[in-house]
Amino acid sequence: MVVLTGAGMSAESGISTFRDAGGLWEKYPVEQVATPEGYAANPKLVIDFYNERRKQLSHVKPNHGHELVAELERYFQVTVVTQNVDNLHERAGSSQVIHLHGELTKVTSSWQPNDPRFIKELTPDEYEVKIGDVADDGSQLRPFIVWFGESVPMIEPAIEHCMEADVFLIIGTSLNVYPAAGLLNYVPDGVPVYLIDPNHVPIASGRQVHVIQKGASEGMEELMKLLLE
Ligand code: OAD
């Protein structure tokens, strides 16, 4: 089973989504805080933005939806492919999580962000990154986040899992951002696809999808009943 998740997965934990009313991109211009150009123009603003998001991690907990996704591992071999940069899937117990857009708890080199030698997991006492903190190559430490316009290295393993899926589940993503939104196209024909979201999410491919129009927790309850009874 492959589970593709987005910001709506963490909404019930108190983390804002991006494009709903009151979402993050209404409060913070995306081009300032989530593009390489924004970072070049004002690194402190961007570093502080992610410091705030990182600090929030200590105050939020996985919700029932995350817990039920983790519980799926009792019945299926599950790969979670998430666009989220929080660590709530891992904290709920999911053992195989691919982060397409990076991870808040990690930092990397500003010069070579995808070089594994420079990607570093922060301990909670290091969560506040400052201007002047440097990676092992001497460059400013930057958030390990995939910004708009940057390559998405984890898309390759995600595609491979999608091609082998027997069940595909989508939770809490508006499917606006590529390449993540295109993953459904790699799921073989005939494989059942479920979508949990309280709002209507248009599916570009016209593929048959079993929609559960509910929030993540309630929707996961319903899905567990459908799959296991
Ligand atoms: P969006 O904010 O675009 O979409 C959030 C989705 O969650 C919407 O479809 C909502 O209807 C749904 N939703 C809201 N509350 C929910 C709940 N309680 N349970 C389930 N679903 C709920 O967020 P994403 O699709 O994740 O990238 O956005 C994709 C990417 O765009 C993000 O990873 C981020 C952003 O720019 C980067 O920062 C690189």
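Just follow the structure's listing: the first ligand is 1, and inside any ligand the first atom is 1. Atoms considered below: every heavy atom in the structure, side chains included; atoms not considered: hydrogens, waters and symmetry mates.
- Ion pairing of Lys225 with Glu222 is absent here, as no side-chain N (NZ or NE/NH1/NH2) approaches a carboxylate O to less than 4.0 Å.
- Aromatic ring centres of Tyr28 and Phe49: separated by under 6.0 Å.
- Remark: Val201 pairs with Leu175, Leu195, Asp197 by the side chain to side chain contact (heavy atoms under 4.5 Å, CB included) rule, at least two apart or across chains.
- For Thr79 and Gln96, the side-chain atoms include at least one donor-acceptor pair closer than 3.5 Å.
- Between the side chains of Thr105 and Asn87, not a single donor N or O lies within less than 3.5 Å of an accepting N or O.
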Dump the pairs for me: ligand 1 N or O, protein N or O, distance under 3.5 Å, to 0.1 Å.
unit_1   : atom_1 : unit_2 : atom_2 : d
ligand 1 : 2 (O)  : Phe18  : N      : 2.8
ligand 1 : 2 (O)  : Arg19  : N      : 2.8
ligand 1 : 3 (O)  : Arg19  : NH1    : 2.7
ligand 1 : 3 (O)  : Ser174 : OG     : 2.5
ligand 1 : 4 (O)  : Ser174 : N      : 3.4
ligand 1 : 7 (O)  : Gly8   : N      : 3.4
ligand 1 : 7 (O)  : Gly172 : O      : 3.3
ligand 1 : 9 (O)  : Asp197 : OD1    : 3.4
ligand 1 : 9 (O)  : Asp197 : OD2    : 2.8
ligand 1 : 11 (O) : Asp197 : OD1    : 2.6
ligand 1 : 11 (O) : Asn199 : ND2    : 2.7
ligand 1 : 18 (N) : Glu12  : OE2    : 2.8
ligand 1 : 19 (N) : Gly8   : O      : 3.2
ligand 1 : 19 (N) : Ala216 : N      : 2.9
ligand 1 : 25 (O) : Thr173 : OG1    : 2.7
ligand 1 : 25 (O) : Ser174 : N      : 3.0
ligand 1 : 26 (O) : Ala7   : N      : 2.7
ligand 1 : 27 (O) : His101 : ND1    : 3.4
ligand 1 : 28 (O) : Arg19  : NH1    : 3.0
ligand 1 : 31 (O) : Arg19  : NH1    : 3.1
ligand 1 : 31 (O) : Arg19  : NH2    : 3.1
ligand 1 : 33 (O) : Gln83  : O      : 3.1
ligand 1 : 33 (O) : His101 : ND1    : 2.8
ligand 1 : 36 (O) : Arg19  : NH2    : 3.4
ligand 1 : 36 (O) : Trp25  : NE1    : 2.9

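- No side-chain donor-acceptor contact under 3.5 Å links Ser109 and Gln112.
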